[in-house]
Peer 1: 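The structure is given below, and queries will be raised subsequently.
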Amino acid sequence: MISIEGRQEKTDERRGTGIYASLKKVMERIQKNHLIYGASVTATTANLQEITSAEFLDELRNNGCKAVIYVEFVPVTEESRELAPGDEEREYLRERLSVIREEYPDMVFISFPGDEKTSGGCLAAGRGFFHINSHGGAEPCPFSPYSDINVKETSLKEALHSPLFTALQEQDILMEEHSGGCVLFERRSDVEEILKRG
């Protein structure tokens, strides 16, 4: 998966000058080597129209991209809250995705957490996926950066059954309604409490 925020201006604005050009080279190399890859795209109020446009998606497809995961921006500060999609933006994305999936049948599109309602709740903590941080810590998801087990010291199978992941699943926190973004981010005090009880 590559992380991209739209076309050059939007990507360089969020990721740094020159990142878009680097990503283009990476995509070309991957395509040349006949490898399958996808794109992780952060959906914000500032880029939503662009990242769902035919222009952007055609560019990804023409560069060999086979999957796009739209991840709703989760604010971690009050100043960044304005970038978080609200009800109107989430509804736009939901409607636009139904069209996109018809127009691009050769690609897979996932909306996170938008598709959670059709998959029975949050898929984090091993219900569908989990995140491994740069130190090897197995985290429920990138928006819930808590870990009680490290894949450098254990198997992936054991990580899937860590005490944290098991507690999150058994306590049904992953099934709860939330106001958008990430249920684990909204309930981080509960996640921290589970870790303390260890």
Peer 1: Does Ala84 offer a backbone N or O that forms a donor-acceptor pair with the side chain of Thr45 under 3.5 Å?
Peer 2: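 Not at all, since once roles are kept as given, no pair shorter than 3.5 Å links the two residues.
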Peer 1: Does any non-hydrogen side-chain atom of Ile100 lie less than 4.5 Å from one of Val68?
Peer 2: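 Val68 does not reach Ile100 side chain to side chain.
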Peer 1: Output the distance between atom CZ (Arg197) and atom CG (Leu164), rounded to the nearest 0.5 Å.
Peer 2: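 Answer rounded to 0.5 Å: 10.5 Å.
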Peer 1: Linking I/L/V/M/F/W/Y whenever any side-chain heavy atoms sit under 4.5 Å apart, do Ile149 and Val191 land together?
Peer 2: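 As far as the 4.5 Å side-chain criterion goes, Val191 and Ile149 are not connected within one cluster.
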Peer 1: Would you compute the distance between atom CG of Leu35 and atom CD1 of Ile30 and round it to the nearest 0.5 angstrom?
Peer 2: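 Leu35 CG to Ile30 CD1: 6.5 Å, rounded to 0.5 Å.
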Peer 1: Would you check if the side chain of Ser111 reaches a backbone N or O of Arg94 as a donor-acceptor pair within less than 3.5 Å?
Peer 2: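 Not a single qualifying donor-acceptor pair exists.
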Peer 1: Kindly say whether Val71 contributes a backbone atom to a donor-acceptor pair with the side chain of Thr42 at under 3.5 angstrom?
Peer 2: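 No, the answer is negative, given that no donor and acceptor are paired below the 3.5 Å cut-off.
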Peer 1: Please check this pair: side chain of Thr11 against backbone of Glu5, looking for a donor-acceptor N/O pair closer than 3.5 Å.
Peer 2: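 Yes; at least one donor-acceptor contact below 3.5 Å.
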Peer 1: Would you name the heavy atoms of Ile4 and Met27 that are closest together and state the gap between them?
Peer 2: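 Nearest pair, atom of Ile4 first, then Met27: CD1-CE, 4.3 Å.
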Peer 1: Check for me, please, whether Leu156 and Phe165 land in the same ILVMFWY cluster - side-chain distances under 4.5 Å, paths through other members count.
Peer 2: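 Yes, same cluster.
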Peer 1: Taking Asn133 for the side chain and Gly137 for the main chain, is one N or O donor matched with an acceptor at less than 3.5 Å?
Peer 2: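 Between the backbone of Gly137 and the side chain of Asn133 there is a qualifying donor-acceptor contact (under 3.5 Å).
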Peer 1: Can you name the side chain to side chain donor-acceptor pair (under 3.5 Å) partners of Glu55, sequence neighbours left out?
Peer 2: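 In terms of side chain to side chain donor-acceptor pair (under 3.5 Å), with neighbours along the sequence ignored, Glu55 is linked to Arg7.
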Peer 1: Once rounded to the nearest 0.5 Å, what's the spacing between atom SG of Cys65 and atom CZ of Phe56?
Peer 2: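 Reported value, rounded in 0.5 Å steps: 8.0 Å.
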Peer 1: Apply the test side chain to side chain contact (heavy atoms under 4.5 Å, CB included) to residues Leu174 and Leu184: give CA-CA distance (whole Å), side-chain angles for both, the deciding distance (0.1 Å), then the verdict.
Peer 2: CA-CA 7 Å; Leu174 300 170; Leu184 293 176; 3.9 Å; yes
Peer 1: Could you report the tightest heavy-atom contact between Glu139 and Ser147, atom names first, then the distance?
Peer 2: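 Looking at all heavy atoms of both residues, the closest pair is CG-CB, 4.2 Å.
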Peer 1: Where the side chain of Gln169 meets the backbone of Ala125, is there a donor-acceptor pair that is under 3.5 Å apart?
Peer 2: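 Answer holds: yes.
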Peer 1: Quick one: does Pro85's side chain get under 4.5 Å of Tyr92's, heavy atoms only?
Peer 2: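 The answer is no, as the side chains (C-beta and beyond) never meet within the 4.5 Å cut-off.
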Peer 1: Evaluate Arg61 against Glu103 for salt bridge (charged side-chain N to carboxylate O under 4.0 Å, His left out), listing each step before the verdict.
Peer 2: CA-CA 12 Å; Arg61 179 164 63 182; Glu103 293 177 345; over 6 Å; no
Peer 1: Using 30° and 60° as the class limits, which term best fits the ring planes of Tyr70 and Phe109: parallel, tilted or perpendicular?
Peer 2: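 Parallel: the ring planes of Tyr70 and Phe109 meet at under 30°.
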Peer 1: Between Met1 and Tyr37, is there a shared hydrophobic cluster once you connect ILVMFWY residues whose side-chain heavy atoms come closer than 4.5 Å?
Peer 2: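 No: no chain of side-chain contacts under 4.5 Å links Met1 to Tyr37.
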Peer 1: How long is the straight-line distance from CG of Asp148 back to OG1 of Thr166, given to the nearest 0.5 Å?
Peer 2: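 Nearest 0.5 Å value for the OG1-CG distance: 8.5 Å.
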Peer 1: Rounded to the nearest 0.5 Å, what separates atom CG in Leu60 from atom CD1 in Ile2?
Peer 2: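 These two atoms lie 6.5 Å from each other.
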Peer 1: Give the minimum heavy-atom separation between Glu192 and Tyr146, together with the two atoms involved.
Peer 2: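 Glu192 and Tyr146 have their closest heavy atoms at OE2-OH, 2.6 Å.
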Peer 1: Answer yes or no: is there an ion pair linking Lys10 with Glu50, defined by an N-O contact shorter than 4.0 Å?
Peer 2: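 So Lys10 does not pair with Glu50 through a salt bridge.
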Peer 1: Rounded to the nearest 0.5 Å, what separates atom CG in Asn47 from atom CZ in Arg14?
Peer 2: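 Taking CG in Asn47 and CZ in Arg14, the distance rounds to 7.5 Å.
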Peer 1: Let's go through Glu91 and Asp87 carefully: what are the C-alpha distance in whole Å and the side-chain angles of both, what is the deciding distance for side chain to side chain contact (heavy atoms under 4.5 Å, CB included) to 0.1 Å, and is it a yes or a no?
Peer 2: CA-CA 6 Å; Glu91 181 61 19; Asp87 291 340; over 6 Å; no
Peer 1: Check for a donor-acceptor pair, side chain of Arg15 on one end and backbone N or O of Tyr20 on the other, with a separation under 3.5 Å.
Peer 2: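 Between the backbone of Tyr20 and the side chain of Arg15 there is no qualifying donor-acceptor contact (under 3.5 Å).
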Peer 1: When you measure from the side chain of Gln31 to the backbone N and O of Glu28, does any donor-acceptor pair fall under 3.5 Å?
Peer 2: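 Side chain of Gln31 to backbone of Glu28: no pair is present.
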Peer 1: Please check this pair: side chain of Asn150 against backbone of His135, looking for a donor-acceptor N/O pair closer than 3.5 Å.
Peer 2: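 Such a contact is found between Asn150 side chain and His135 backbone.
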Peer 1: Which heavy atom in Pro140 sits nearest to a heavy atom in Ala124, and how many Å separate them?
Peer 2: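 Closest approach of Pro140 to Ala124, heavy atoms only: O-CB, 3.2 Å.
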Peer 1: Between Ile51 and Met107, is there a shared hydrophobic cluster once you connect ILVMFWY residues whose side-chain heavy atoms come closer than 4.5 Å?
Peer 2: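 Yes, Ile51 connects to Met107 through the hydrophobic network.
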Peer 1: Taking CD in Glu9 as the centre, count heavy atoms belonging to other residues, nucleotides or ligands within less than 6.0 Å. Is the count above 12?
Peer 2: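 At most 12 heavy atoms, drawn from other residues, nucleotides or ligands, come within 6.0 Å of this atom.
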Peer 1: Using the rule that two of Ile, Leu, Val, Met, Phe, Trp, Tyr join whenever any of their side-chain heavy atoms come within less than 4.5 Å, decide whether Val108 and Ile69 are in one cluster.
Peer 2: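 Result: yes, single cluster for both.
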